[in-house]
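Working notes, beginning with the structure itself.
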Amino acid sequence: MNTDIERILFGQAQIAGAVQQLAAEIAADYRGKNPLLICVLKGGSVFHADLMRALDFPVEIDFIAARSYGMNSHSTGTLEILKPPSADISGREVILVEDILDTGFSLAALVHTLLEKKPVSLKVAVFLDKMLGVQKPIEADYKCFDADNEFLVGYGLDYAERYRNLPYVGVLKREAYNGN
Ligand code: 5GP
Ligand code: MG
């Protein structure tokens with residue numbers, strides 16, 4: 001285990017099982033529909049890569065990068081699209097693939113922006129769902145795990161761009177924050 005990690009929350013085998021299970025749900029809904037799986041960079045990249053390979057029918061992939069700021073509990077703030085999807089999503093069955101649904105404000109803004117392009121459908125698949133029991137502007141259509149409100153790294157999730165490559169999800173030690 002990486003020495004900056006306090007404890008592992010979701011290990012590799014557990015993650016692999018959850019992704020397979022989620023893929024089965026998505027397959028039941030999308031087989032034969034050639035969905036477009038849009039990865040929300042960078043955090044969603046590992047989940048996206050695993051999820052697409054767990055789907056045993058034709059899919060297409062794309063990527064989007066956005067930066068959100070000015071978000072609070074009263075507004076969705078501003079969303080700046082740093083990299084739009086390269087595919088034309090109008091008329092497509094789209095699944096947005098994201099790392100974490102936390103307050104939901106960034107995903108809600110992203111969904112709002114993408115809906116303007118008139119996809120046939122737009123659903124959201126997240127690896128982790130946080131802030132359980134809190135009203136959010138958007139809910140996940142598909143998710144692998146629920147998580148408590150602590151800061152997590154690994155499996156695509158970073159702290160200051162580090163730890164994304166850890167194959168598990170873990171809680172950072174306090175000194176790993178202070179040491180940077
Ligand atoms: P929200 O849903 O609040 O708009 O923001 C969700 C985003 O915040 C996620 O996509 C992720 O980038 C970031 N985030 C939320 N919780 C965590 C966490 O525990 N660890 C990391 N690394 N990022 C988080
Ligand atoms: Mg993110």
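Every number for a ligand or one of its atoms is a count from 1 in the order of the listing.
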Hey, which atoms in ligand 1 end up nearer than 4.0 Å to a heavy atom of [X]?
| X | result |
| --- | --- |
| Asp99 | 9 (C), 10 (O), 11 (C), 12 (O) |
| Ser106 | 1 (P), 2 (O), 4 (O), 5 (O), 6 (C) |
| Glu98 | 10 (O) |
| Phe151 | 18 (C), 19 (O), 20 (N), 21 (C), 22 (N), 23 (N) |

State whether the number of non-hydrogen atoms from other residues, nucleotides or ligands found under 6.0 Å of Asp148 atom CG is greater than 12.
-> no
Does the pair Lys42/Asp99 count as a salt bridge with the N-to-O cut at 4.0 Å?
-> no
Side chain to side chain, Asp56 and Arg31, heavy atoms closer than 4.5 Å | yes
Check whether any side-chain heavy atom of Ile61 lies under 4.5 Å from a side-chain heavy atom of His48, and answer yes or no.
-> yes
If you take the nearest heavy atom of each of [options], which one is closest to [atom]?
| atom | options | answer |
| --- | --- | --- |
| atom 17 (C) of ligand 1 | Ile138, Leu110, Ile100 | Ile100 |
| atom 20 (N) of ligand 1 | Leu152, Asp158, Val171, Leu101 | Leu152 |
| atom 15 (C) of ligand 1 | Leu172, Asp102, Leu157 | Asp102 |

Do Phe10 and Tyr155 make the cut of ring centroids closer than 6.0 angstrom?
-> no
Transitive ILVMFWY side-chain link Phe57 to Val97, under 4.5 Å | yes
Have a look at ligand 1 and work out which part of Glu150, if any, has a heavy atom under 4.0 Å from it: side chain, backbone, both or neither.
-> backbone
Supply the atom-to-atom distance Glu6 CD to Met1 CE, rounded to the nearest 0.5 angstrom.
-> 8.0 Å
Roughly how far, to the nearest 0.5 Å, is the CG atom of Asp4 from the NZ atom of Lys173?
-> 7.0 Å
Does Gly43 have a non-hydrogen atom less than 4.0 Å from ligand 1?
-> no
Does Phe105 come within less than 4.0 Å of ligand 1, judged by its heavy atoms?
-> yes
For Leu107 and ligand 1, does the shortest N/O to N/O distance drop below 3.5 Å?
-> no
